Amino acid sequence: MLTRKQRELLQFIQERLADTGISPSFDEMKDALGLKSKSGVHRLITGLEERGFIRRLPHRARALEVTRLSDDQMGNRAAAGGATADAGRRGFQANVIRGDFTPSLPGAMVAQSAETVQLPLYGKIAAGTPIEALRENSNAVDIPASMLGRGEHYALTVEGDSMIEAGIHDGDTVLIERCENAENGTIVVALIDNNEVTLKRIRRKGDSIALEPANQAHKTRIFGPDRVKLQGKLIGLMRRY
């Protein structure tokens, strides 16, 4: 009933919605399917919509809803469920870093039906910044709901160039999703010794936690696991020109 590309696109949209709650962009769909232009994506989307597999949600950018899956995808989903159970019986463990999460910087819950969300915008985050200084310099910023997933979010203003090689510049506004764990390599807001907050890439090395900058001019800092608490992970960025 569906072409191969239509099935691939439907599966990609479904997986992205399941992971993040946000529809992929046309650029992401184009790259995922190996297409040369977004016009091909438009044709595939229209075909899926005409056949009743997806629905476009009105008044929202990038808003797609999967209404049903193809027969082969339903079979794959059932098989994947069995494989997941088998992996659990074999003792599979994900490589994640868990943080002793504390509600030091309260965020805003995201309502998925909203077009924009007003997030608390805290002060500038940089190495050596006390967390009290962030709380005392709180404003608000309107963010398109399509940029956010489910859960609680807040925003921070970046100061300095320690993450410039990751595309994060001085003066940028970063969007943070509060979380209790993060995979190796994730850019996180880390609270050090219950006082200093910093935006860095996190990695576990043995019994230690490394906070890595994205700038060769800065050094990686190593801490014991009891000294670092996660305050959230980076999920987006806004920049004014």
Side-chain angles (χ1 to χ4, degrees), residues 13-25 27-28 57 60-64 94-127 129 131 134-135 137-159 162-163 166-169 171-192 194 196-204 209-214 225 228-240:
I13 296 172
Q14 171 64 20
E15 290 175 350
R16 181 60 64 86
L17 286 171
D19 289 342
T20 67
I22 304 173
S23 304
S25 68
D27 282 325
E28 290 170 333
L57 302 179
R60 291 179 59 190
R62 288 178 51 181
L64 298 174
N95 182 20
V96 299
I97 298 170
R98 299 191 177 277
D100 183 6
F101 179 70
T102 56
S104 300
L105 296 175
M109 294 298 295
V110 176
Q112 290 298 302
S113 60
E115 294 185 22
T116 61
V117 177
Q118 190 173 73
L119 297 187
L121 173 64
Y122 294 110
K124 294 182 178 180
I125 181 171
T129 303
I131 198 166
L134 293 182
R135 288 198 300 260
N137 293 278
S138 177
N139 294 300
V141 60
D142 290 328
I143 303 295
S146 60
M147 294 184 66
L148 306 173
R150 294 179 175 86
E152 191 173 352
H153 299 72
Y154 60 90
L156 291 167
T157 302
V158 175
E159 184 176 53
S162 65
M163 297 300 292
I168 303 172
H169 295 199
D172 285 349
T173 298
V174 290
L175 310 180
I176 305 299
E177 176 187 344
R178 290 182 60 174
C179 62
E180 297 183 0
N181 57 72
E183 296 182 356
N184 273 334
T186 302
I187 297 176
V188 301
V189 176
L191 174 63
I192 304 169
N194 289 319
E196 174 190 339
V197 285
T198 186
L199 184 73
K200 293 292 184 290
R201 198 179 300 277
I202 190 168
R203 296 189 193 276
R204 182 176 293 280
I209 290 178
L211 298 179
E212 300 178 349
V228 177
K229 299 176 182 179
L230 299 190
Q231 300 290 285
K233 62 182 179 181
L234 177 72
I235 57 95
L237 180 147
M238 297 184 68
R239 178 176 300 151
R240 293 182 181 273

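These figures come from a predicted structure and were not determined experimentally.
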For this session: Identify which one of Leu211, Val188, Val189 satisfies the side chain to side chain contact (heavy atoms under 4.5 Å, CB included) criterion when paired with Leu199.
Result: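 Between Leu199 and the candidates, side chain to side chain contact (heavy atoms under 4.5 Å, CB included) is satisfied uniquely by Val189.
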
Problem set entry | Matching residue for Val174 among Thr157, Leu234, Ile187 - test: side chain to side chain contact (heavy atoms under 4.5 Å, CB included) |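 The passing option is Leu234.
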
Drop me the distance from [X]'s [atom1] to [Y]'s [atom2], to the nearest 0.5 angstrom.
X	Y	atom1	atom2	value
Asn181	Thr186	CG	OG1	9.0 Å
Glu28	Arg16	CD	CZ	4.5 Å
Ile143	Gln118	CD1	CD	10.0 Å
Leu119	Leu148	CG	CG	5.5 Å
Arg204	Ile209	CZ	CD1	4.5 Å

For this session: Going by the salt bridge (charged side-chain N to carboxylate O under 4.0 Å, His left out) test, name the single residue among Arg203, Lys200, Arg201 that passes it with Glu212.
Result: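 Running salt bridge (charged side-chain N to carboxylate O under 4.0 Å, His left out) over Arg203, Lys200, Arg201 with Glu212 returns exactly one hit, Arg203.
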
For this session: Give a yes or no answer on whether the side chain of Ser23 reaches the backbone of Leu64 with a donor-acceptor pair at less than 3.5 Å.
Result: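 It does hold such a pair.
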
Problem set entry | With Ala155 via side chain to side chain contact (heavy atoms under 4.5 Å, CB included) - residues at least two apart |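 Result, side chain to side chain contact (heavy atoms under 4.5 Å, CB included) vs Ala155: Leu121, Val141, Thr173, Leu175.
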
For this session: Using side chain to side chain contact (heavy atoms under 4.5 Å, CB included) as the criterion, list what pairs up with Asp19, not counting sequence neighbours.
Result: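 Side chain to side chain contact (heavy atoms under 4.5 Å, CB included) check on Asp19 returns nothing, list empty.
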
Heavy-atom pair with the smallest gap, counting every atom of [X] and [Y]:
X	Y	result
Leu156	Tyr122	CD2-CB, 3.5 Å
Lys229	Asn194	NZ-OD1, 2.8 Å
Gln231	Tyr154	O-OH, 3.0 Å
Glu159	Lys124	OE2-CD, 3.6 Å
Ala214	Ala166	CB-N, 3.7 Å
Gly167	Arg239	O-NH2, 2.8 Å

For this session: Could you tell me which residues satisfy side-chain hydrogen bond (donor to acceptor under 3.5 Å, both in side chains) with Glu177, sequence neighbours excluded, listed by chain and number?
Result: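 None.
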
Exercise. Are His153 and Val117 side-chain neighbours, meaning at least one heavy-atom pair lies under 4.5 Å?
Worked result: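 Heavy-atom side-chain distance check fails, nothing below 4.5 Å.
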
